[in-house]
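Data first, discussion second: the structure below is written as structure tokens.
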Amino acid sequence: MKRHALLFLLILSISMTLFAETTTIEPSDDMYSDAENPGVSPTITQLWTANYSAAGHFERIMIRFDLSDYADVELQSATLNLRRFFSCPSSGTTATTFYAIDQQWDEETWDHTQHIAYNSEISMPYVFSGTGGNANVDFNIDITDFLNNWIEGNIENYGFVIIANSGQKLSEFYSKEHANADYHPSLTLTWQGNVNHEEGIAPYGVTAMNFPNPFNPETTIAYTIPQDSFVTVDIFDARGRLIYAISKGYQAQGLHQITWNGVDESGKDVASGVYYYRISTNRGTMTRPMVLIK
């Protein structure tokens, strides 16, 4: 028994060193401002950016993610996911600059006829390119260095504004208010450390645990999803290789349980060690470690 306990502690220590969590969250606020056309109300399901005087388009996108849970983590990567459904130039190119917003705002109270103030010293360029016109194009933008300014506490997190460079035509994206959740903007974070939420609870609301842990010969993975969703549950080894695609399908909100008996896709028993179960829903992905001891 002592041997197993020591082995568990050693494996768990190694796993916490190597293991990185991945979480996908939606914006707390997103909108666009249009100061030059005060009589035109913005479409709340869309996000526009342009700086093209010939057509009178000067819109700016404003986005903020709640990062308060991640103040003490070591951020490994941060990817902004946007889906564009329309762009004016046939080339589909809109050159922009991201700036850190430096004043308080929220989408419910901000006057869309006023452009937000921003910090010109904290910025990054990005060119939206690809197919132009009415075509869905997904953009996955690395904003790790940009985001670390908030994670590391260098500046207050008021989000960022996407401003098209001078002479750039319109690009339109879906906002978090769109009826199809698959089209919403999102932020995928990969990190190590402790987040400021209850153990097993991701910021998007999914809870999960497995029992027993450590286990032999099998363990039950119990998870709760906050809304109806397509769900996949996969098992990976410590090197990130897929061991077993354990479950896939549409599930109703609530508690679900599934058992893994320590075998791979071919039905062969796997060795003792650290494994990870990954639960993916329409809202994001949670990954957690478990230990098999034989």
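Between His57 and Lys169, every side-chain heavy-atom pair lies at or beyond the 4.5 Å cut-off. Contact check for Phe160 versus Phe65: side-chain heavy atoms found under the 4.5 Å cut-off. Within the 4.5 Å cutoff, side-chain heavy atoms of Ile143 are placed close to those of Leu187. Counting heavy atoms from C-beta outward, Ile116 and Gln103 have side chains that approach closer than 4.5 Å. The side-chain heavy atoms of Met62 and Tyr32, taken from C-beta on, include no pair separated by under 4.5 Å. Side chains of Thr96 and Phe98 form a contact here, defined as non-hydrogen atoms less than 4.5 Å apart. In this structure the side chain of Thr113 never reaches within 4.5 angstrom of the side chain of Asn37, judged on heavy atoms. No side-chain heavy atom of Val270 sits less than 4.5 Å from a side-chain heavy atom of Ile235.
Looking at Asn213, its side chain never comes within 3.5 Å of a backbone N or O of Asn210 through a donor-acceptor pair. Between the Asn51 side chain and the Ala164 main chain, a donor and an acceptor come within less than 3.5 Å of each other. Side-chain N or O atoms of Arg84 include one that pairs as donor or acceptor with a backbone N or O of Gly92 at under 3.5 Å.
Annotation: Tyr275 is in aromatic contact with Trp260 [ring centroid separation under 6.0 Å]. Annotation: Tyr223 is in aromatic contact with His256 [ring centroid separation under 6.0 Å]. Between Tyr250 and Phe230, the ring centre distance reaches or exceeds 6.0 Å.
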| message | For a side-chain contact (heavy atoms from CB on, under 4.5 Å) check, start with the C-alpha distance between Val231 and Gln251, then their side-chain angles and the critical distance, and finish with the verdict. | response | CA-CA 7 Å; Val231 179; Gln251 297 181 354; 3.8 Å; yes
For the pair Thr219 and Tyr277, evaluate side-chain contact (heavy atoms from CB on, under 4.5 Å) and give the outcome as yes or no after the intermediate values.
CA-CA 11 Å; Thr219 187; Tyr277 58 93; over 6 Å; no
One pair to check against side-chain contact (heavy atoms from CB on, under 4.5 Å): Phe85 and Glu172. What are the steps and the verdict?
CA-CA 6 Å; Phe85 63 90; Glu172 300 177 5; 3.2 Å; yes
field: Residues Asn148, Asp145; criterion side-chain hydrogen bond (donor to acceptor under 3.5 Å, both in side chains); working and verdict
entry: CA-CA 5 Å; Asn148 264 325; Asp145 292 340; 4.7 Å; no
Let me see the working for Arg64 and Trp105 under side-chain contact (heavy atoms from CB on, under 4.5 Å), right down to the final yes or no.
CA-CA 9 Å; Arg64 176 166 56 183; Trp105 69 283; 3.9 Å; yes
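For the residue pair Asp142 / Thr79, no side-chain donor-acceptor distance below 3.5 Å is found, with atom types taken as modelled. Between the side chains of Asn140 and Asn81, at least one donor N or O sits under 3.5 Å from an acceptor N or O. With hydrogens and angles left out, the side-chain atoms of His112 and Gln114 include no donor and acceptor closer than 3.5 Å. When only modelled atom types and interatomic distance are considered, Thr24 and Ser186 share no side-chain donor-acceptor pair under 3.5 Å. Under the 3.5 Å distance criterion, with hydrogens and angles disregarded, a donor-acceptor pair is assigned to the side chains of His115 and Ser33.
Between atom CD of residue Glu177 and atom CD of residue Gln46 there is a gap of 11.5 Å, rounded to the nearest 0.5 Å. Atoms CE and CD1, from Met290 and Ile221 in turn, are 4.5 Å apart once rounded to the nearest 0.5 Å. Rounding to the nearest 0.5 Å places CD1 of Ile63 at 9.5 Å from OG of Ser175. Here the OG-CD distance, from Ser28 to Glu26, works out to 11.0 Å after rounding to the nearest 0.5 Å. Taking CG from Leu292 and CG from Asn261, the interatomic distance works out to 10.5 Å, rounded to the nearest 0.5 Å. Going from atom CG of Asn180 over to atom CZ of Arg83 covers 7.5 Å, rounded to the nearest 0.5 Å.
Closest of all the heavy-atom pairs between Gln168 and Ala95 is OE1-N, 2.8 Å. Closest non-hydrogen pair, Ala78 versus Thr144, comes out as N-OG1, 2.9 Å. Scanning all heavy atoms of the two residues, the minimum distance from Asp30 to Pro27 falls at OD2-CG, 4.2 Å. Heavy-atom minimum distance, Ile246 versus Val233: CG2-O, 2.7 Å. In this structure, Leu255 and Gln257 approach most closely via the heavy-atom pair CD2-NE2, 4.3 Å. When all heavy atoms are compared, the tightest approach of Ala208 to Ile279 is CB-CD1, 3.8 Å.
Tracing side-chain contacts under 4.5 Å through hydrophobic residues (I, L, V, M, F, W, Y), one reaches Ile25 starting from Leu82; they form part of the same cluster. Tyr118 and Trp150 fall into different hydrophobic clusters, where Ile, Leu, Val, Met, Phe, Trp and Tyr side chains are chained together by heavy-atom contacts under 4.5 Å. Connection of Ile163 to Leu170 is not established within any shared hydrophobic cluster, with ILVMFWY side chains joined at heavy-atom distances below 4.5 Å, either directly or through further cluster members. Residue Ile122 is grouped with residue Leu147 when hydrophobic side chains (ILVMFWY) are merged at heavy-atom distances under 4.5 angstrom, including chains of intermediate members. Residue Trp110 is not grouped with residue Ile162 when hydrophobic side chains (ILVMFWY) are merged at heavy-atom distances under 4.5 angstrom, including chains of intermediate members.
Between Lys176 and Glu107, at least one side-chain N (NZ, or NE/NH1/NH2) sits under 4.0 Å from a carboxylate O, which counts as a salt bridge. A salt bridge between Lys268 and Asp264 is absent, with no side-chain N of the basic residue lying under 4.0 Å from a carboxylate O of the acidic one.
Exactly one residue among Phe173, Phe86, Trp48 makes a ring pair (Phe, Tyr, Trp, His ring centres under 6.0 Å) with Phe128. That residue is Phe173.
Ring pair Tyr183/Tyr174 is parallel by interplanar angle, where below 30° counts as parallel and above 60° as perpendicular.
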